[in-house]
Amino acid sequence: MQRWKINNLAAVTIFSLLSFALSWIVAMPLWLGGGLNHPHFRWIAVAMMATPSIAAVVLAGLEGRITSFTRDVGLWPLAHPRRLIGSVLLAIAVSIFLIVQAAYVGTWLGVFPGDLANFTILNFLAGPSGPAEFLVNQFGLILLGELLNLLPALGEEIGWRGWLWPRLQQYGQLTKILVSGVIWGLWHAPLILLGYNYPLAKGAWGPLFMCGMCVVVGAFFGWLRTLSGNVWPSAIAHAIFNASAGIISLFMLMGAVLDTQKASILGWSGWILPGLIIGLVLTFTAWRRSATRAISTTGQQSS
């Protein structure tokens, strides 16, 4: 394939538009009839998760980088084994933390129907075995779910964190987090507008809230990509995140209705603590770079 000369901004724009177009094409059977109740909804959603990877491959072909694609998106080689293992462990911990913290923050703010004193649903489901054994079993199921979700999650992450995240590096950390998160969030629109994840949202509010969630969660997934130099920890984090989303119900009052625009990691209350962490990391990074430049300038003046 002939190599095209595409500047970075144009490449990001083409990748984004192609990802959006492909997601709508794949999801179109849902819009033609059945919506979220379509008999093949699950398989359509899984197929949709492959579209960012397809877009990344197309851009690699246009730029004449097919032969280096696996290296460019962090699939192979698996460099820095210790850092990779540490990133995988962080991926598991961070993904579960993002979901659990939202229940506590939301309950404290009064927007999440939390039952953090009695854990009625947890104790009911645990039965005679007790909550501790039940939670251990749930963690095992989450890890099993992660294995089942890994391939679809990789389909997204090759595009979002494998291809897009490094391409936004030159624009700075904050811009990279915001732009990649908004693109990721808008890509979900074919499902969100049908009521997926935000059943109580009206009109464009669903995709807007999805963008907010993707900005916050995407920052952590992106940092895993940067830390490890590979896309695998991001894919594992994504798979764990999807597999463990249901555990939020263990913290709820039995029979309560959850407004995901306000509560859980999908809602604004779930973004507060992760957002503060992101702000602190960005502030510390900026301070460290400023201090490094000051030291470098002082050294040059002294010499």
Side-chain angles (χ1 to χ4, degrees), residues 1-27 48-80 153-190 204 207-208 210-235 237-238 278 281-282 285-286 288-290 292-293 296:
M1 183 180 291
Q2 184 179 359
R3 180 174 180 174
W4 290 17
K5 293 182 179 180
I6 308 174
N7 65 50
N8 197 57
L9 181 58
V12 169
T13 302
I14 295 170
F15 166 82
S16 303
L17 294 176
L18 183 57
S19 296
F20 297 159
L22 290 173
S23 69
W24 276 101
I25 290 171
V26 172
M48 184 174 156
M49 294 175 75
T51 58
S53 287
I54 296 173
V57 170
V58 171
L59 262 296
L62 292 176
E63 295 179 317
R65 300 185 62 87
I66 286 291
T67 55
S68 63
F69 181 75
T70 56
R71 180 182 294 274
D72 291 342
V73 300
L75 277 171
W76 191 263
L78 302 179
H80 311 293
L154 187 62
E156 283 196 48
E157 290 304 313
I158 287 173
W160 307 138
R161 257 60 63 176
W163 190 92
L164 180 60
W165 183 261
R167 296 299 288 255
L168 295 173
Q169 180 66 39
Q170 61 182 280
Y171 303 112
Q173 283 290 321
L174 181 58
T175 300
K176 179 166 62 172
I177 290 171
L178 293 175
V179 172
S180 64
V182 169
I183 292 172
W184 184 25
L186 292 177
W187 170 86
H188 289 87
L208 182 62
M210 194 65 187
C211 287
M213 192 278 288
C214 287
V215 166
V216 171
V217 174
F220 290 94
F221 289 2
W223 286 337
L224 289 171
R225 165 76 162 102
T226 301
L227 176 64
S228 65
N230 292 278
V231 75
W232 290 101
S234 301
H238 195 149
I278 292 169
V281 171
L282 292 179
T285 302
R288 187 175 62 179
R289 288 178 178 173
S290 178
T292 301
R293 291 194 190 100
S296 175

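On a predicted model such as this, the values are computed, not experimentally measured, just so you know. The residues of the chain are indexed from 1 along the displayed sequence. Just the heavy atoms: all of them, side chains too, but no hydrogens, waters or symmetry mates, feed the values below.
A 4.5 Å side-chain heavy-atom check between P77 and R71 finds at least one atom pair inside the cut-off. With contacts defined as side-chain heavy-atom distances shorter than 4.5 Å, the pair F15/L62 does not qualify. Side-chain contact between P52 and W163: absent, with no pair of heavy atoms (C-beta onward) separated by less than 4.5 Å. Annotation: side chain of V231 is not in contact with side chain of W160 (no heavy-atom distance under 4.5 Å). At least one side-chain heavy atom of I158 sits under 4.5 Å from a side-chain heavy atom of F69. Counting only heavy atoms from C-beta outward, the side chains of L18 and T51 never approach each other to under 4.5 Å. At a threshold of 4.5 Å between non-hydrogen side-chain atoms, the residues I177 and L282 count as touching. With contacts defined as side-chain heavy-atom distances shorter than 4.5 Å, the pair W232/L78 qualifies.
Between E156 and H238, the shortest heavy-atom contact is OE1-CE1, 3.3 Å. Contact between R225 and P166 at its shortest, heavy atoms only, is NH2-CG, 3.4 Å.
A donor atom on one side chain and an acceptor atom on the other are not found under 3.5 Å apart for E157 and W165.
Taken to the nearest 0.5 Å, the CG atom of L164 stands 6.0 Å off from the OG atom of S16. Here the CG atom belonging to L178 is positioned 14.5 Å from the OH atom belonging to Y171, to the nearest 0.5 angstrom. With rounding to the nearest 0.5 angstrom, the CG atom of L168 is 7.5 Å from the CG atom of N8. Once rounded to the nearest 0.5 Å, the distance linking CD1 of I54 with OG of S23 reads 11.0 Å. Atom-to-atom distance recorded for T13:OG1 and L9:CG is 4.5 Å, nearest 0.5 angstrom. We find the OG1-CG distance between T285 and L174 to be 11.5 Å, quoted to the nearest 0.5 Å.
In this structure a side-chain-to-backbone donor-acceptor pair under 3.5 Å is missing from R161 to A235.
Between F221 and W184, the ring planes are tilted. Angles from 30° to 60° get that label.
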